[in-house]
Asks: 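Handing you this structure, nothing more for now.
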Number of protein chains: 2
Amino acid sequence: MSVRLDRIDRKILAELQSDAAQSLDEIAKKVGSSKTPVWNRVRKMREAGVIRQNTVLLNAEALGLEACFFVLIRTSEHEAEWQRKFLQALRVRPEVLEAHRLAGDIDYILKVQVTNARAYDEFYQALISEVKIHNVTALLSMEEIKSTTALPVGVD
Amino acid sequence: MSVRLDRIDRKILAELQSDAAQSLDEIAKKVGSSKTPVWNRVRKMREAGVIRQNTVLLNAEALGLEACFFVLIRTSEHEAEWQRKFLQALRVRPEVLEAHRLAGDIDYILKVQVTNARAYDEFYQALISEVKIHNVTALLSMEEIKSTTALPVGVD
DNA sequence: CCTGAAAAGACGCGCCC
DNA sequence: GGGCGCGTCTTTTCAGG
């Protein structure tokens, strides 16, 4: 599963991350190659799971999702059954964009995107009614300084 | 800039978010329409900025990016010049995937994706040498429970 | 606003170097 | 490994209902 990626592979990934709609010919020209080799590399990287998904990034405000919260969660429960229920609750809710289990005294962090503070409160009430949570801190984003899905591929 | 999106628009967005590589015909069939109208809707939503970007999601581990940190930052500086430098430093660094200015006693949160803890420490040292920061807490992700770029479009 | 067809173009693949 | 070229499918445009 671990693939060796050379400089050209990484350039291709950088191009795809910045605009996945451009044609193979355009990418080929930019990375200094031509269509066939680029196509073969892309196919291999898809098969190897390096490229996971083609998607589209939407404007949250245009969809009325004006509030973004980071939620820090501490729990006293650490049993398997509790965790299963908790994870399931997160996965099911589309407003939860990210959820990570953490090392340290905070157990989980969530990123939650909703229409407004009221919608967040509804989410919060629903969550704590489903699973027991010891302590919750919500951090409200005032300004998105930076937001990218582009991972550093190690080429400039 | 505020666009009205009907049920079909939202279904199209949901489809594009889940797989932007599928053809117009496929999307048309799934949303119960046909090629041309779907294409016109997509074009309008692109022009209106609802659809911001076509991109590709990569596997961070395949790129050797095995460590993800959330960084909570408190600062005592609140002058324009300090902020300008700070924001610039974040924007320039590709390992910073997200940066938000917050309401409350924590001023900023970052999401930082790096190869390992040492790489995080290098990032951290570089950052605090560039701008004065009062207090930093790094939360290390042990497990990505959920990670999606798909915003809830309000259709199931 | 949708249908249908037709032009322009990109993809995917085999074959050659 | 890279380059060429062709058949096929998709995207894009545009007529007309």
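To find a chain, count down the sequence lines: A is the first, B the second, and so on, and within it residues start at 1.
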Asks: Can you sort out the partners of B/Tyr108 under ring-ring contact (aromatic ring centres under 6.0 Å, His included), two or more places apart, ordered by chain and number?
Replies: B/Phe86
Asks: With sequence neighbours left out, write down each residue that passes salt bridge (charged side-chain N to carboxylate O under 4.0 Å, His left out) with A/Arg84, or none if nothing qualifies.
Replies: A/Glu81
Asks: Mind listing the residues from residues 13-40 of chain A sitting with a heavy atom below 4.0 Å of DNA chain C? Number order is fine.
Replies: A/Ser23, A/Leu24, A/Lys35, A/Thr36, A/Trp39
Asks: Checking A/Tyr124 now: which residues fulfil ring-ring contact (aromatic ring centres under 6.0 Å, His included) with it, not counting sequence neighbours?
Replies: none
Asks: For A/Lys85, what residues pass the side chain to side chain donor-acceptor pair (under 3.5 Å) criterion, not counting sequence neighbours?
Replies: none
Asks: Run the side chain to side chain contact (heavy atoms under 4.5 Å, CB included) test against B/Lys146 and tell me which residues pass, sequence neighbours left out.
Replies: A/Val96, A/Ala99, B/Thr148
Asks: Pick out which of B/Leu16, B/Thr149, B/Leu151 makes a side-chain contact (heavy atoms from CB on, under 4.5 Å) with A/Leu58.
Replies: B/Leu151
Asks: Which residue in the set B/Glu130, B/Glu122, B/Glu98 passes salt bridge (Lys or Arg N to Asp or Glu O under 4.0 Å) when paired with B/Arg93?
Replies: B/Glu130
Asks: For A/Arg91, enumerate each residue passing the salt bridge (charged side-chain N to carboxylate O under 4.0 Å, His left out) test, keeping only those at least two apart in sequence or located in another chain.
Replies: none
Asks: Taking heavy atoms of chain A and a 4.0 Å limit, find me the 5'-most and 3'-most nucleotide of DNA chain D within that range.
Replies: D/dG1 to D/dG5
Asks: Does any N or O in the side chain of B/Gln22 come within less than 3.5 Å of the main-chain N or O of B/Asp19, such that one atom is a donor and the other an acceptor?
Replies: yes
Asks: Please list, chain by chain and in numerical order, all residues satisfying side chain to side chain contact (heavy atoms under 4.5 Å, CB included) with B/Asp6, sequence neighbours excluded.
Replies: B/Ile8, B/Asp9, B/Arg41
Asks: Could you tell me whether A/Lys11 and A/Glu15 make a salt bridge, using a distance below 4.0 angstrom between a side-chain N and a carboxylate O?
Replies: no
Asks: Give the dot-bracket string for DNA chain C, reading 5' to 3', where a pair is Watson-Crick or G-U wobble with both distances under 3.5 Å, ( ) marks pairs inside the strand, [ ] marks pairs crossing earlier ones, | marks a partner on another strand, and . marks unpaired.
Replies: ||||||.||||||||||
Asks: For B/Ala20, check side chain to side chain contact (heavy atoms under 4.5 Å, CB included) against everything at least two apart and list the hits.
Replies: A/Asn54, A/Val56, B/Asn54
Asks: For DNA chain C, which nucleotides open and close the run of contacts to chain B, 5' to 3', at under 4.0 angstrom from a non-hydrogen atom?
Replies: C/dC2 to C/dA6
